[in-house]
Amino acid sequence: MLHATWRGKGKAMRIPEESNPDQRLYRIRHSLAHVMAQAVLEMREGSTLGFGPPIEDGFYYDFILTEPLTETDFPELERRMKRILKKGQRFYHEELPIEDAYARLDEMREPYKREYAEELIEKNGLEALSFYRNGPFLDMCEGPHVETTRDIARDAFKLRSVAGAYWRGDSNNVMMTRIYAWAFADKPALDEAVEAHELAQERDHKKLGRELDLFTFDDAIGRGLPLWMPHGTVIRDELEKLAIELEFKAGYQRVATPHIAKGSLYRQTGHLEHYKEAMYPPMEVVEETPDGSSIRETYMLKPMNCPHHHKIYAARLRSYRELPLRLAEYGQVYRWEASGAVSGLARVRMLSMNDAHIYCTEAQIKDVFREVISEYDEAYRILGLEDYTIRLSRWDPDDPKGREKYVDAPDDWARTEAIIAEVLDDMDVDYEEGPGEAAFYGPKLDVMFRTITGKVEQLSTVQLDFAVPGRIGLKYIGDDGAEHVPYCVHRAPLSTHERFVALLIEHFGGAFPTWLAPVQVRVITVSEHFHDYAQGLVDRMRANFVRAELASESDTVSKKIRDATTRKIPNLLIVGEREATDGTVTLRRYGVKQQATMPFSEFESALAETIRRRSLAFVADPPSR
RNA sequence: GCCGGAAUAGCUCAGUCGGUAGAGCAACUGAUUCGUAAUCAGUAGGUCGGCGGUUCAAGUCCGCCUUCCGGCACCA
C-alpha cells in the first residue's frame, strides 16, 4: 500500500515522449524551433542564437535580438513560420570536422554557439560537430529532425510567450530573449493543451484566493507577506490540527519558540554564511547599563526553526535512551526571497512551516526515515495527493560554487547519501537523482509536485543533517558512557501553510472537502417564514463545532443557491414548508445535481462522520429512502 | 536581482485624436417572501498605483519609483 503510492506510478522512470529524441513529436518540436529561429532572423536580421530545444508541451528558442520582439509581433512571426512550413524545406544533416565547424560558426557570427562547441569538444572529445540546414537557416544541432517542413502541421503550434533567460542558465551570463511556443502533432492536440492551460488559469490559487476570500496582500504590510483572511485561516487551522494529530500518534512533542534570535546563533550554525542574502537584515538593540556603559546586541528574524529546536535539545543533558527525540512546531520564519521570486502563496517572505526535528543516533537514521516516509504517505493519502515524484537531493562536489554551497566533508556526504538511498531501495521507492540540490548540511529527500499551471515545485522535504548538531555542540551520552553527536532529521510533510494551501487550492479547484471547507454548511430558506427553523439548525450545528451559516434572506432561492455555488460551499441545506413541518432538510451537495431530503438528525450524523474521517467526499452519500 | 508586459470603483473590464471618468457584478437602502445557478427600483462608491515632467489642458504622452503577471536566476 505504501509502495503503491510512493512508487508514484512509475512516473519518474518512464521517459516521456517529448524528451525521447526518437519520437516523432520530439522531431516536430525540434524542427519547429529551427523554423521559428529562421522566421525571427527574417524579422530581426543580425540577431544571434542561443539554445532552442523541444520541451514538454512545445519548444523555445533563445536569442540576442537586434530589436526587441513582443507578443504583439506574434501574429507576424506565426505567419512567417507557416510560410516556411508550406515551402517544404528539407533538413540536411552535416558533420563538420572541428576546424571547419569553427570556421562555419565564425562565418555564421554565432559566438554563443561557438562557445558551446568548444565546450562540447573539450568535454566529450568530439572530432566533428553536427549541423542541420533547412532552407537558408543553418544551426549547430544534434538533431534529429523531420524530413521536410511539410511534415509539420501548420495549425498545430502556437506562440506562447516571450521571456528572459540567462545564457546557459547562469545569472553571470548575458540575458537572452526566450520565445516559448506550444507544439503538437495535430490541431486537436494543440487545442486540448491550450484549453487545459486556460482551465488551469481558472484554478490558479492567486485568483481563487481572492475570489474565495482566503488571503490577501497589502503594500502597507509588504511584498510577499500574506494576510490570511478568516476563511483561509480555517484551512490553516484544519491542516494544523491534522499535523498535530499525526505527530502526536508518531511520538512527537510540540514546542514553541520565538520569531527572533541573536545573529551570533546563525553565525555558529553556518546559516549566515550560506544564506545571508536571503535573511532579513539584523536589528541592533542598545541597552544602557547602570554604570553608564551600554550593551549592544544584534537580533535577526529566524529564517528556519532548527537552531531554536537545537537549543531546546541542548537545554539539558540527553541520554541515548531519549533518542530518537522528536520536537515539532508550526513555526513562522522569515526569508528575504528575491523580489522576482515572490509569487502568491507559492513563494513568500513569511512562511509557516510544518516543522519538526528528530534527533537520533546513526543506527536510528534508517528507521527514522522509514517512519517519516510513512507519515508523508498518510498525509498525502488523507488529502488525495498522488501526482508527485521523489528526488534524492545530493551535494555536487564538482559544482564550482560547491565549497560555498556545502559543508566540505566528502566522507559524511558519501555515508549519509548512501543511507538514504538504501532506505529508498529497501522500501522499493522510485526516485530521481538531484545532484547539487542538497542543503548545505546534508542530503535530503524532496517531494516534487506539479502545480496546476505546470510548474514543478519542491513541497515536502526530509533532510539528514550531519553538520549543524556538531557545530552547535549538541550531544548525548551513549550506552558506552561517552559523549556523542546526534544526527538531526529535519522534516516538513505539510510543507509550509503558504505553499501547501496554494497546492490544495489548485488541487481541489477551491472546492474543499467538507472537513477543510471554510464554510461547511449553508442553510437556505425558501422564505423568511422558515427563518426560525433554519436558525435552529445552524445553532445546533455550530454548537457541535460545525462551520454552518444562514444565507442572506432577502434573495430568491435561486440567487442563494447561485451564491453558495460560486463560493463552492460543499453542503447546502434547503428548508421550506415541508422540511420545517417534518424536521427534515433537503441536502444539495456542491457539484451534485441530485438532492435528498432526510431527517436533520440523519444529516447531522453523516456530516459528523464525514468530518471525523476527513473524507474527501463532501458528506457521506445521502441515505437512500 | 535580471528580461518583458501590466496597473482605471471591492471584483471583471470599457474609456476614440490629450479636453477633468463609465458599465456589469458586489455593497448599501427600499419594495418583494419567493422551492433549486442572477426579483425589481434606488443610493453610494474614483487623488485613474505613487512622484515628477511636457502641455492652455494628462487616465491618455515622457521619466523615475512601487506593486502585480509571464519567464530566468535563486529557494535552508
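All heavy atoms count here, side chains included; hydrogens, waters and symmetry mates do not. Here the structure is a predicted model, which is why all the values come from computation and not from measurement. Every chain is numbered from 1, with letters handed out A, B, ... down the list of sequences.
If you take atom C1' in B/rG22 and the same atom in B/rG52, they sit 29 Å apart, rounded to whole Å. Between B/rG49 and B/rC3, the two C1' atoms lie 23 Å apart (nearest whole Å). Remark: the separation of the C1' atoms in B/rA27 and B/rG45 is 9 Å, to the nearest Å. To the nearest whole angstrom, the two P atoms, one in B/rU29 and one in B/rU66, are 42 Å apart. Rounded to whole Å, the separation between the C1' atoms of B/rG59 and B/rG46 comes to 11 Å. Only the P atoms considered, B/rA21 is 15 Å distant from B/rG50, to the nearest whole Å. Comparing B/rC11 with B/rG71, their C1' atoms sit 27 Å apart, to the nearest whole Å. The same atom, P, is picked in B/rA9 and in B/rA14; the two are 12 Å apart, to the nearest Å.
Base engagement by A/Ala163 is indicated by at least one non-hydrogen atom pair under 4.0 Å involving a base atom. Counting non-hydrogen atoms under 4.0 angstrom, A/Arg160 reaches nothing in the nucleic acid. Nucleic acid contact for A/Lys593: none, since no nucleic acid atom lies under 4.0 Å from a heavy atom of the residue. Within 4.0 Å (heavy atoms only), A/Ser554 reaches at least one base atom of the nucleic acid. No contact: A/Ala564 has no heavy atom under 4.0 Å from any strand. Residue A/Thr461 is out of contact with every strand shown, counting any heavy-atom pair closer than 4.0 Å. Residue contacts for A/Arg588: at a heavy-atom cut-off of 4.0 Å it reaches a base atom on one of the strands shown. As judged by a 4.0 angstrom heavy-atom cut-off over every strand, A/Ser339 is placed among the base-contacting residues. If you check every strand for non-hydrogen atoms under 4.0 Å, A/Glu211 touches nothing. At a threshold of 4.0 angstrom between heavy atoms, the contacts of A/Glu437 with the nucleic acid are absent. Within 4.0 Å of A/Tyr441, counting heavy atoms only, lie sugar-phosphate atoms of the nucleic acid but no base atom. Within the nucleic acid shown, A/Gly222 has no heavy atom closer than 4.0 Å to any nucleic acid atom. As judged by a 4.0 angstrom heavy-atom cut-off over every strand, A/Lys206 is placed among residues touching the sugar-phosphate backbone only. In this structure, A/Ser171 reaches the sugar-phosphate backbone alone: every heavy-atom distance under 4.0 Å involves primed, P, OP1 or OP2 atoms, never a base.
Between the OH atom of A/Tyr60 and the P atom of B/rC72 there is a distance of 9 Å, given to the nearest Å. Computed from coordinates, the A/Arg347 CZ to B/rC75 C1' distance equals 4 Å when rounded to whole Å. Going from atom CD of A/Gln594 over to atom C1' of B/rU36 covers 14 Å, rounded to whole Å. For the pair A/Arg394 CZ and B/rA76 C1', the interatomic distance rounds to 20 Å; values are reported in whole Å. Distance A/Phe74 CZ to B/rG4 P: 14 Å, rounded to the nearest Å. Remark: C1' of B/rA37 and CD1 of A/Ile574 are 11 Å apart, rounded to the nearest angstrom. Protein atom CG of A/Asp563 is 8 Å distant from nucleotide atom C1' of B/rA38, rounded to whole Å. Protein atom NZ of A/Lys276 is 16 Å distant from nucleotide atom C1' of B/rG1, rounded to whole Å.
At B/rA37, none of the side-chain N or O atoms of A/Lys560 fall inside 4.0 Å of OP1 or OP2 (strictly under the cut-off). Residue A/Ser161 places no side-chain N or O under 4.0 Å from the OP1 or OP2 atom of B/rG71.
Aromatic ring orientation, A/His497 versus A/Tyr330: parallel (interplanar angle below 30°, classes split at 30° and 60°). Classified by interplanar angle (parallel below 30°, tilted 30° to 60°, perpendicular above 60°), the ring pair A/Tyr359/A/Tyr313 is tilted. The aromatic rings of A/Tyr116 and A/Phe51 lie perpendicular to each other, with more than 60° between the two planes, well past the 30° mark. A tilted orientation is assigned to the rings of A/Phe440 and A/Tyr275, their planes being inclined by 30° to 60°.
Nearest heavy atom pair, residue A/Ala502 against residue A/Ala346, reads CB-N, 4.4 Å.
Across all strands shown, nothing is found opposite B/rG45 as a Watson-Crick or G-U wobble partner with both distances under 3.5 Å. Shown here, B/rU39 forms a base pair with B/rA31; the pair counts as Watson-Crick or G-U wobble because both key distances fall under 3.5 Å. In this structure, B/rU55 forms no base pair with any nucleotide, since neither Watson-Crick nor G-U wobble geometry is met with both distances under 3.5 Å. B/rG1 is paired with B/rC72 under the criterion used here, namely a Watson-Crick or G-U wobble arrangement in which both key atom distances are under 3.5 Å. Base pairing annotation: B/rU60 forms no Watson-Crick or G-U wobble pair, as no partner gives both donor-acceptor distances under 3.5 Å. B/rG24: Watson-Crick or G-U partner is B/rC11, with both key distances under 3.5 Å. Taking a pair to require two hydrogen-bonding distances under 3.5 Å in either a Watson-Crick or a G-U wobble arrangement, B/rC17 remains unpaired. When both distances must be under 3.5 Å, the Watson-Crick or G-U wobble mate of B/rA6 is B/rU67.
Out of B/rU66, B/rC72, B/rG35, the shortest distance to the side chain of A/Arg578 is found at B/rG35. Comparing B/rC72, B/rA76, B/rA38 by their nearest atom to the side chain of A/Ser558 picks out B/rA38. When each of B/rA76, B/rA26, B/rG71 is scored by its nearest atom to the side-chain atoms of A/Lys455, the top-ranked nucleotide is B/rG71. Each of B/rA73, B/rC3, B/rU36 was ranked by its minimum atom distance to the side chain of A/Met175; first place goes to B/rC3.
Mapping A/Leu69 and A/Asp170 onto RNA chain B by nearest heavy atom places A/Leu69 closer to the 5' end of the strand. With RNA chain B read from its 5' end, the first of the two nearest nucleotides for A/Ala278 and A/Thr70 is the one closest to A/Thr70.
Of the possible donor and acceptor atoms, one in the side chain of A/Ser460 sits under 3.5 Å from a partner among the backbone N and O of A/Pro493. Although no hydrogens or angles enter the test, the distance criterion places no donor-acceptor pair under 3.5 Å between the side chain of A/Asn571 and the main chain of A/Arg589. At distances below 3.5 Å, at least one donor-acceptor pair connects side-chain atoms of A/Tyr376 with backbone N or O atoms of A/Thr461.
For A/Arg223 and B/rU67, a side-chain-to-base donor-acceptor distance below 3.5 Å is absent, hydrogens and geometry of angles not being considered. Interface remark: the A/Tyr166 side chain does form a donor-acceptor pair with the B/rG1 base, using a distance-only criterion of under 3.5 Å. Below the 3.5 angstrom threshold, one finds no donor paired with an acceptor across the side chain of A/Glu553 and the base of B/rU33.
Comment: A/Asp213 engages A/Arg567 in a salt bridge, judged by a side-chain N to carboxylate O separation of less than 4.0 angstrom.
Figure legend: cation-pi geometry between A/Arg29 and A/Phe59 absent, as NZ or CZ is not positioned both under 6.0 Å from the six-membered ring centre and within 45° of its axis.
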